[in-house]
Number of protein chains: 2
Amino acid sequence: MKARLSASRERIVAAALEIMAEHGFGGCSIAVVAERASIATGSVYSHFPTKGHLFAEVFRTASQREVDAVSRAAALETTVAERVTAVIETFCGRALQSPRLAYALLAEPVAPAVDAERLVFRRAYAEMIADYVAEGTASGELPQQDPELTATALVGALAEAMVGPLAAGVAGPNTVRDLITFAHRALGVST
Amino acid sequence: MKARLSASRERIVAAALEIMAEHGFGGCSIAVVAERASIATGSVYSHFPTKGHLFAEVFRTASQREVDAVSRAAALETTVAERVTAVIETFCGRALQSPRLAYALLAEPVAPAVDAERLVFRRAYAEMIADYVAEGTASGELPQQDPELTATALVGALAEAMVGPLAAGVAGPNTVRDLITFAHRALGVST
DNA sequence: AAAAGAATTGAACCACCATTCAAATCTTCG
DNA sequence: CGAAGATTTGAATGGTGGTTCAATTCTTTT
């Protein structure tokens, strides 16, 4: 019984995730999500108070997955330079693999309730990077700087550099390599 | 007669600009704009086919103004480093002076038709900066790099670094200074 | 000054979609 | 098995706000 309840809740989220990865948030009406989850539209409201709550959770789930993947990749490395390289390669690699999803998470116009989650998403990246930068300045690998600001700016740089390729459907073969160079220079990695 | 026509067209755009600078695009319904312009709601449609067209033009007008101001400031300088400094100072200074407008242009969720103009807006900045970067690599002031990518990444970095302060209403006193340092490092300006 | 044409008015229309709720179905327990 | 309670159904509701259009007002022309 409880199982059935949480099962259909998960089916709703899963259905919404699929649709959003295919068509973005724009294609996600309650009716469409309910149909994909094989339940009635009204039943969605047994599990979520409003559409905003549902899609906030969907956004959170999808973005957590991304942050985790990037975080895991970075953790395998040791120097700040290597970690930032891993962050960029993973971030860009995944974005180019699932462009519709990446666009939805990074840039698609959405309702304010969902937009708030996007700030959290970007801050999660920024905090991860800020930690590495702080390590680097502490150890002397990097010159003195405000880790928060550097990290925020880097996240912005990555996101912006991806939006074009995501819209166009392709990235130049050197985009990722050049972004890594950009980031290393910006951090002050000694060459 | 013709004068009257284009006069009220301009009044519509001016009214929409005011409202958007005060309340963002969210506060801009056709009815509100028409009222501020002292015309009937229906009359808006004698000048613009749809709401999207109107606000695309409004967005274009506002952003052109910003790009021009930044461009003018940069043109007064000579080295790439100084020009980029001028770009950042002008960009951030104006954004912090008119936070509601800056937020609307940079980050506010909007209809897709208007969103398309945002890409143009950001590209205009990126192209300006790309020209300077190309100059710099040609003259040897900067190391070899892809000017387009560097410029795009810098625009993203600036925008992202401003969103927080715009939402909070204030920027740390060192934000602009640190952003300039970030940009100079990223470009490879020799210290 | 009057007729023809253009522009303006603003209330009504309509499409869209989130949200609701009474009826039907299913689950649990005496 | 049958009653009580919980869940699901999906058609109906409602709010929002862009868009339309017949009636009106203004401008131009003769």
Side-chain angles (χ1 to χ4, degrees), chain A residues 1-20 22-60 104 108-117, chain B residues 1-20 22-60 104 108-117:
Chain A
M1 190 60 207
K2 292 265 179 69
R4 172 179 282 276
L5 256 183
S6 69
S8 64
R9 190 181 202 280
E10 274 164 36
R11 280 233 310 292
I12 293 170
V13 173
L17 273 167
E18 282 175 31
I19 294 166
M20 119 147 160
E22 285 165 26
H23 307 290
F25 285 106
C28 286
S29 68
I30 294 285
V32 169
V33 170
E35 186 181 1
R36 168 99 51 140
S38 309
I39 59 171
T41 56
S43 302
V44 172
Y45 290 84
S46 318
H47 301 281
F48 299 93
T50 71
K51 186 192 186 184
H53 286 81
L54 164 58
F55 283 105
E57 176 159 338
V58 169
F59 193 100
R60 222 176 298 132
E108 184 180 353
V110 291
V114 182
D115 213 46
E117 294 296 325
Chain B
M1 192 58 208
K2 292 263 180 68
R4 170 180 283 275
L5 256 184
S6 67
S8 65
R9 188 180 204 280
E10 274 164 37
R11 281 233 309 293
I12 294 169
V13 173
L17 273 169
E18 282 174 33
I19 294 167
M20 123 150 158
E22 284 164 25
H23 308 290
F25 284 106
C28 286
S29 69
I30 294 285
V32 170
V33 170
E35 185 180 1
R36 168 100 50 140
S38 308
I39 59 172
T41 55
S43 303
V44 172
Y45 290 84
S46 318
H47 301 280
F48 299 92
T50 71
K51 187 193 186 185
H53 285 83
L54 164 57
F55 283 106
E57 177 158 336
V58 169
F59 193 101
R60 222 176 296 133
E108 185 179 353
V110 291
V114 181
D115 212 47
E117 293 297 324

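Per chain, numbering begins at 1; letters A, B, ... match sequence-line order.
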| note | Residues at least two apart in sequence or cross-chain that pass side chain to side chain contact (heavy atoms under 4.5 Å, CB included) with A:His23, listed by chain then number, are A:Ile19
| said: Nearest whole Å is fine: how far is C:dA7 C1' from B:Arg11 CZ? | reply: 13 Å
| task | Go through the structure and list residues passing side chain to side chain contact (heavy atoms under 4.5 Å, CB included) with B:Ser29, not counting sequence neighbours. | result | B:Ala31, B:Val32
Between the protein and nucleotides 10-14 of chain D, are there any N/O to N/O pairs under 3.5 Å, and if so, what are the atom names and distances?
residue, atom, partner, partner atom, Å
D:dG10, N7, A:Gly42, N, 3.3

| said: In terms of relative ring orientation, are A:Phe25 and A:Phe59 parallel, tilted or perpendicular, with 30° and 60° separating the classes? | reply: parallel
| field | Nucleotide D:dT8, atom P - distance to CD1 of A:Ile12 in whole Å | value | 8 Å
| message | Closer than 3.5 angstrom, by distance alone: can the side chain of A:Thr50 be matched with the main-chain N or O of A:His53 as a donor-acceptor pair? | response | yes
| request: Could you list all the salt bridge (Lys or Arg N to Asp or Glu O under 4.0 Å) pairs where at least one residue sits in residues 31-45 of chain A, not counting sequence neighbours? | output: A:Glu18-A:Arg36, A:Glu22-A:Arg36
| note | Sorted by chain and number, sequence neighbours left out, side chain to side chain donor-acceptor pair (under 3.5 Å) with B:Glu108 holds for none
| Least distance between heavy atoms, B:Gly24 atom then B:Ala104 atom | CA-CB, 4.4 Å
Identify each atom pair where a protein N or O and an N or O of nucleotides 14-18 of chain C are less than 3.5 Å apart, giving names and distance.
residue, atom, partner, partner atom, Å
C:dA18, OP1, A:Lys51, NZ, 2.4
C:dA18, OP2, A:Ile30, N, 3.1

| For the pair made of CD in B:Glu35 and C1' in C:dT8, what is the distance, rounded to whole Å? | 16 Å
